[in-house]
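Single-structure report; data block below.
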Protein chains: 2
Amino acid sequence: MYSIGDLSRQTGVKVPTIRYYEQMGLLEAAGRTEGNQRRYDAAHRDRLAFIKHARDLGFTLEAVRELLDLSGHPERPCTHADEIAARQLDIVRDKIARLQRLESELSRMVGTCHGDHVRDCYVIRSLANHEMCSTDH
Amino acid sequence: MYSIGDLSRQTGVKVPTIRYYEQMGLLEAAGRTEGNQRRYDAAHRDRLAFIKHARDLGFTLEAVRELLDLSGHPERPCTHADEIAARQLDIVRDKIARLQRLESELSRMVGTCHGDHVRDCYVIRSLANHEMCSTDH
DNA sequence: CGCAAACCTCCAGTTTCTAGAGATATGGGG
DNA sequence: CCCCATATCTCTAGAAACTGGAGGTTTGCG
């Protein structure tokens, strides 16, 4: 039996976040001690590790909820889980592409401050003037 | 003189967001008509375009505030603006790196569903079992 | 047994908007 | 000159996913 702090240390999920997940119905409410403190078992820990892992991968809580639901029904076909992951992959790829465009624009800005004054500053000027951008955003 | 809707169309910033920026002190409060509607001029439009551009580049409103402040003082040295942009570039590069790790893990998940049932599903299994990951996160 | 650390609940704040309700203003057509 | 659709006004609440604090109770070690 683990306390909420034990669970937090084992999974890397902060204590208030664990309570938040319980409140959101993602993590089953734990049993309590006589003094009303939560006590968890290994099943709770595994489920929380699953949630943490999925969150680290950028899944929304809504997607995590679906995934958890699926994992509780091993007899169902797994196309749906694959779909969720594929959707998430699309999102991640899109984010990467957009960030790379920003990166190129920002790196052109940085270190190009030759003038001593803001009036000549490339950073400020290129923010004020969208025509200086090569990419669209 | 532009109405708030004109300004919105010209800059691509939604109407409630313009009001929000005014409330946050990023955009100077516009003059009003007799009937209490906001009326903007070209200076407002340029400033809002600046904000929009910086937000698109991922700067926080706090950073935008600093940048705007700097751009209002052309006589100051521009090292600070360069620093802000450099910090942002670091953040963007870090995000890209982390997203690329996620991308490789997700792409290993997707399309590997050979079993028909969730019990055999790679997506679910790899979420439940962190040891299947090659990268750290 | 004493006491510090951990735990409890409840509520507010974070960030950056976005959306709705209910009321008023504007501007073009008849 | 009036009508009416559309735009605008203010105010408030909600979204997402937590995070932090206040004020009070429980645990467990020495």
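Chain A is the first sequence line, chain B the second, and so forth, proteins listed ahead of strands; every chain is numbered from 1. Excluded from the calculations below are hydrogen atoms, water molecules and symmetry mates; all remaining heavy atoms, backbone and side chain alike, are included.
- If A:Y40 and B:R55 are placed on DNA chain C by their nearest nucleotide, the residue sitting closer to the 5' end is A:Y40.
- Proximity of residues 9-33 of chain B to DNA chain D (heavy atom under 4.0 angstrom from any strand atom) is restricted to B:R19, B:R32.
- A chain of hydrophobic side-chain contacts below 4.5 Å, direct or via other Ile, Leu, Val, Met, Phe, Trp or Tyr residues, connects B:L61 to B:F50.
- With sequence neighbours left out, the ring-ring contact (aromatic ring centres under 6.0 Å, His included) criterion links A:Y21 to no other residue.
- Rounded to an integer number of Å, the gap from B:Q37 CD to C:dT24 C1' is 8 Å.
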**Request:** Show your reasoning for whether side chain to side chain contact (heavy atoms under 4.5 Å, CB included) applies to B:R47 and B:L27.
**Result:** CA-CA 7 Å; B:R47 194 173 166 100; B:L27 193 64; 4.2 Å; yes
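- Of all nucleotides listed (C:dA25, C:dT16, C:dC7), C:dT16 comes nearest to the side chain of B:T60.
- With hydrophobic clusters built from ILVMFWY side chains whose heavy atoms lie under 4.5 angstrom apart, A:Y40 shares a cluster with A:M24.
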Tabulate atom names and distances for all N/O pairs under 3.5 angstrom spanning the protein and nucleotides 11-13 of chain C.
none

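- Whole-Å rounding puts the A:L7 CG to C:dC7 P distance at 10 Å.
- Linking Ile, Leu, Val, Met, Phe, Trp and Tyr whenever their side-chain heavy atoms come within less than 4.5 Å leaves B:I91 and B:V64 in two separate clusters.
- Look at CG on B:L61: it is 14 Å from C1' on C:dT18, rounded to the nearest Å.
- Over its full length, the helix from C:dC1-D:dG30 to C:dG30-D:dC1 turns its helical axis through 0°, comparing axes from the five pairs at each end and rounding to 10°.
- Shown here are the side chain to side chain contact (heavy atoms under 4.5 Å, CB included) partners of B:Q100, two or more places apart in sequence or in another chain: A:I96, A:Q100, B:I96.
- Side-chain atoms of A:D94 never come within 3.5 Å of backbone atoms of A:A97 as a donor-acceptor pair (strictly under, hydrogens ignored).
- For B:R9, the side chain to side chain donor-acceptor pair (under 3.5 Å) criterion is met by B:D6, not counting sequence neighbours.
- By the side chain to side chain contact (heavy atoms under 4.5 Å, CB included) test, B:R45 is found to be paired with B:Y2, B:L7, B:Q10, B:T11, B:A42, residues two or more places apart in sequence or in another chain being considered.
- Looking at residues two or more places apart in sequence or on another chain, you find a side chain to side chain donor-acceptor pair (under 3.5 Å) between A:R93 and B:E103.
- For DNA chain D, the outermost nucleotides in 5' to 3' order that have an atom under 4.0 Å from a heavy atom of chain B are D:dT8 to D:dT10.
- Residues passing the salt bridge (Lys or Arg N to Asp or Glu O under 4.0 Å) test with A:R38, sequence neighbours excluded: A:E22.
- Looking at residues two or more places apart in sequence or on another chain, you find no side chain to side chain donor-acceptor pair (under 3.5 Å) involving A:D69.
- In this structure, the CZ atom of A:R39 is 13 Å from the P atom of C:dA6, given to the nearest Å.
- When the side chain to side chain contact (heavy atoms under 4.5 Å, CB included) test is applied to A:E34, no partner is found at least two apart in sequence or on another chain.
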